[in-house]
Every structure is written in structure tokens, then in C-alpha cells.
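Have a look at the structure below, then the notes.
What you see below is based on every heavy atom in this structure, not just the backbone, and it leaves out hydrogens, waters and symmetry mates. Each ligand, and each atom within it, is numbered from 1 in the order the structure gives. For reference, positions follow the sequence shown, starting with 1.
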Amino acid sequence: MSAETESPAQPYDQGAWWRDAVVYQVYPRSFADANVDGEGDLPGVLSRLGHLADLGVDAIWLSPFYPSPLADGGYDVADYCDVDPRYGTLADFDALVAAAAAKNIKVIVDIVPNHCSAEHPWFRAALAAGPGSPERDRFVFRDEPNNWQSVFGGPAWTRVPDGQWYLHLFDSGQPDWNWRHPDVVAMFERVLRFWLDRGVAGFRIDVANMLFKQDGLPDVVPGSQGGPLTPGHAPVPYEHQPELLDLYRSWRKILDSYPGARGTVAEMWFGHPDQARPYLSGDGLAQLFGFGLMPAPWSAEEFRTVIDRSHRLARETGGSIPWVLGNHDVPRMVTRFGVDQDLVRAPTPEVLLGRMDVDVELGTRRARAAALLLLALPGGAYIYQGDELGLPEHLTIPDEARQDPMFERTLRTFIGRDGCRVPLPWSGAASPYAFGGGDTWLPQPEDWAALTVASQRDDPGSTLNLYRAALAIRRDHPALGDGDLTWLDTPPGVLAFARDPGFTLMVNFGAEPVPLAWHHDVLLASGPLEGDLLPPDTGVWLS
Ligand code: GLC
């Protein structure tokens, strides 16, 4: 589209690859470790591309691999246009993109625009230059803090030796940018072009709702709510500011100026669909993660509510809302579904510390059924590394080994997100399970031998082979991917929908077997069927 053409009434991405893509999230530090130093790296990802090609994913999203002091696992970026030496080099990145392309796998990278690292040269310059300097103006420095709290716990302000305070909505090692400063806007345009020039198919935008802060930095009013307001709520002064829409339109123009469809997917938790609507409509971002299933307990009714809400929003706006069941920020689904589901609805202090009973077998059965649901829903889907192996959350990492800043910032009342970031098990009977080096950066559990890629590869009943089969069917079946669904009448506790032509998904969330209906053939089942009955905690694809 040329600059003269006005924005299309029709969203631009109809038919774009991401509307029905299956994207696999690689957390590079924990995927595969080629230089055997205990941390994953880009050559490690390259060496294991065969696993991703066999799985059948369309794209990978790489979480940050940029130079970083790792105050927040790399979401504290010291240089947006380079590779941290612990993960390799730019040449390794280029080699990975090329090798992935040869296997028809696209590469998406993570862009972290809300904040950088305290080690970023511009932040160091700001500290050195002192109060009132143009260097400080690229960040948010004040003589007095307001009442804002960090998302990770504790105050969102840290004092520097000359007495000023700087804003960090996350860790103190992650100073927030001042998005009203033209240097910041221009710098991120350069960053987008840098990675687009290297062949990335798009970007995942970190905390995409927070970049701009309301003028004057007013205090947060208790009970505030981001985005369009309902009576009785004040806005959150650092969320959904109107300038964001213009910024993302300008990014979209940059993406559109490159050949091939280049997309973005925004990390944006939204409470109410109206908060998300403006970004999805017209010439905005067009794609936001559909996170609603992650906090949902194992309940047909609650799943259906989330699915309806997201699907309706996608249909109404023409945008795309890919489904997500796991990522590097939330406990793994085997564990979520393996606990008393009231604890998912209202986590107790014990749950925050990981001290609850987990029925891993039950959680695994449910997670397998959920995978069939995920991959049958209309639109794109994201798979978090290790979910295809059915890994549970690692709940017994010793305190001294924990790395997530949330653990200390919440004064150790929340164990943090390390348990879903443990290095992957590839083969072998004991840690490091062929991940790479001997001492992995986070310890691996001792009982993962049966969960390795190698031990699941030849087991037809394994979770890995369930994902492979589902992705293979999805690739060829005309009903799957983007499109619509029709709910079918079911007994309580059962979800079933049809997709045209000739496809039915059915998941039994209840406690009793239910009759299979509406089918000629079973395409795939997440567990054994009992004749014509669908057992509890089981999902099935029918045709
Ligand atoms: C996003 C990332 C999370 C990170 C935070 C701050 O939520 O997914 O891992 O800690 O942003 O960058």
C-alpha cells in the first residue's frame, strides 16, 4: 500500500499467514545448548530445528536473545541490535533464519519497547548527565515518585545518587522509556528495520499496552481499570494511552513496506473486549494474543465463555487473536490442570509458593485434551516449548537457584516463573538430558527421563506424537485453521463444536463418560476411548 492510499476499511491481514499459523515459542536460554555452558543458545536452536520441522510448526517466536545483564531473563535489553555472546552472534542468527526458511519455518523476534536494561548506553548516559539533561528526558525521571507499583512487586521507582527517581514498571534493572521523546520513536524504527532487513517474519511486542504514560503521571486511583471505562473506574495512567494507536499504525507502515507479509502479535492482557477492539480494527496491530484460556480452570462453561468472547471479538474487528495455553510467564498447563481447580480460580499463598498437591497424571490427560482443543479452534495458535512434551511446572527449584526477579520483589511470597523456564530434556536418563552443559542454568527435575524427546519419539501414545499428529491433520484438513465454529448441543461439562467441512471437536471436562456423536470417523483422540464413549478429561477430533 502506498503512503497516499488511505487506510483500508477492510483489515489488511485477511489471508495473511499468521491468521492460521501454529507458532512455537522458543525460550532460547532453555531450548538447546550447543556450546555446553549450561545455557541455551542460537546454534542450539539451529541444531534442533529438525524437532520443530517434525512437529510441523509454521513459525518460531524467539524470546529475547539480545545483550542483557539478565535482570529479567533478557527482557532487560542492553542492545536491541545484537546477539548476547552467551547466545551466539548475528551470524548465528542469520544462519538460523536461513536454516529455518529452508524448512519452511518463519522466525518472529521479540521487541521490548516499554523499557530497556539499566545497562543500555542511553540509560548510562542519562545517569551520568544528571538532572534536567536531555539524556534524562529519554526516560522518566522525577524529583518525587508517585504511587505507582511495579508489576513485579514493590514500588515502580528507584532513586539514583543525585536524588532523582526513575520509573520502572517492572524490575529496577528495566527503566521505562519516555515514548514522547522523538529519539525513542526513531530508535525503535531503526530496530524494526534492522531485524526486518535480516529476514524476520514479524515481531512479538512485549507489554504492548504500557508504552505511553499519562501526562503529569497522576497517581493510580484504587480500583483503576485500563482502557475504555465502565462507571466507577478511573483509568490506569500507564495503560492504553491513545498515542499507542498512532504508534502502531506507524509500525504497521514499516512492516508493510517490506516484501512478504510481516506481522506483529501484541502481548496485551485485556479485561474487557473494548480495551482490545481499537488495536484490532482497521489499520492497527491486527493481532493480539488470546490469553483468556491460560487463567481458566478446567471447566467446559468457563472455557466456552473465553472462547466465545475472543472469537466474537476477532470476527467483529476482523483482527486475529491467536490462542495460547502456555508461555514463559505462567505455570505449565499440566500443573494448572492437575491441581484442585478452585486453587486456579483463587490461588492461596501455598499455591503462590508451589506447595500444593498436583496430580500430574490427571493434569497430563487434561493438557492433552486441551491441546486438541487449542489446535481445533478457529485462527492461529501458539505452543510454548516443552508443552509438546507434556512437561509439568518444576515446583521444587531450590530458593537459591531461582532467577526470576519476581521471587525477591514479592518478598518471596511468590516463587516466580522459573518453573516453566527449565531447560528442555532431549534424551538420556538424567540431567542435563542432552540439553547441553552439565550444570544447567536452572536445575532440571530428576524424573524427566520418560519426558525426553527421544523417549517420546517412538512411543505412539506420547504427547509429542499427539501434537505431531494433530499438526499434520491440521495442515491438510480444510476445516481447520482460520474460519468459524458452530457449537453443538452437549450435556453439561462437555464442549463440542463443528467446523465446516465435516469436522467436530469434542472435549469431556466432566466426571462421567459421554456418548460420542456426530461422526463417521475418529481422526484423533487425546486418550483411549471406551467404545463409543468419550471418557472424562479426554478430547477427540471427529469427521
Ligand atoms: C512480558 C514478558 C515477561 C517480562 C515482562 C517485562 O510480560 O513476557 O517475561 O518479564 O514483559 O518485560
Side-chain angles (χ1 to χ4, degrees), residues 23-31 40 61-80 84 108-120 123 139-140 148-154 156 158 167-177 179 188 191 203-211 213 226 236 238-240 244 264-271 285 287-292 294-295 322 324-332 382-387 393 402-410 414-422 441-442:
V23 183
Y24 182 99
Q25 180 188 354
V26 171
Y27 194 76
R29 205 177 176 189
S30 294
F31 188 74
W61 148 35
L62 295 169
S63 277
F65 49 80
Y66 314 113
S68 166
L70 300 180
D72 180 24
Y75 282 92
D76 47 321
V77 179
D79 180 350
Y80 289 89
D84 193 298
I108 297 173
V109 296
D110 213 311
I111 187 158
V112 188
N114 180 69
H115 43 262
C116 58
S117 157
E119 297 298 316
H120 190 284
F123 189 72
F139 297 90
V140 186
W148 296 2
Q149 296 292 301
S150 155
V151 174
F152 287 167
T158 288
L167 176 70
H168 52 87
L169 286 172
F170 293 86
D171 188 65
S172 56
Q174 295 169 294
D176 278 45
W177 290 108
W179 269 93
F188 276 93
V191 172
F203 299 91
R204 177 263 189 190
I205 307 174
D206 192 63
V207 289
N209 53 332
M210 291 195 184
L211 281 45
K213 280 75 184 177
V236 176
Y238 50 80
E239 278 187 22
H240 300 293
L244 273 175
T264 55
V265 56
E267 186 207 21
M268 203 181 274
W269 289 83
F270 49 89
L285 284 173
Q287 193 175 209
L288 311 180
F289 282 119
F291 285 140
M294 285 198 300
V324 189
L325 281 170
N327 67 24
H328 64 294
D329 290 329
V330 296
R332 290 211 182 252
Y382 276 69
I383 296 172
Y384 177 49
Q385 69 175 39
D387 278 354
E393 186 82 356
R402 295 197 175 280
Q403 309 266 336
D404 182 3
M406 291 190 86
F407 182 49
E408 294 300 342
R409 290 196 63 95
T410 58
F414 169 46
I415 50 173
R417 302 162 293 174
D418 294 313
C420 64
R421 299 175 176 179
V422 173
W441 72 278
L442 282 174

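Here the two rings, on Y24 and W61, have centers that are 6.0 Å apart or farther. Centroid-to-centroid, the aromatic rings of Y75 and F170 stay 6.0 Å apart or farther. Ring pair F414/F407: centre-to-centre distance not below 6.0 Å.
Not counting sequence neighbours, the partners of Y80 by the ring-ring contact (aromatic ring centres under 6.0 Å, His included) test are H120, F188. Not counting sequence neighbours, the partners of R417 by the salt bridge (charged side-chain N to carboxylate O under 4.0 Å, His left out) test are D72, D329, D404. Residues satisfying the salt bridge (charged side-chain N to carboxylate O under 4.0 Å, His left out) criterion with D84, sequence neighbours excluded, are R86.
Around ligand 1, the residues contributing at least one heavy atom under 4.0 Å from the ligand are D72, Y75, H115, F152, F170, Q174, R204, D206, V207, E267, H328, D329, R417, R421.
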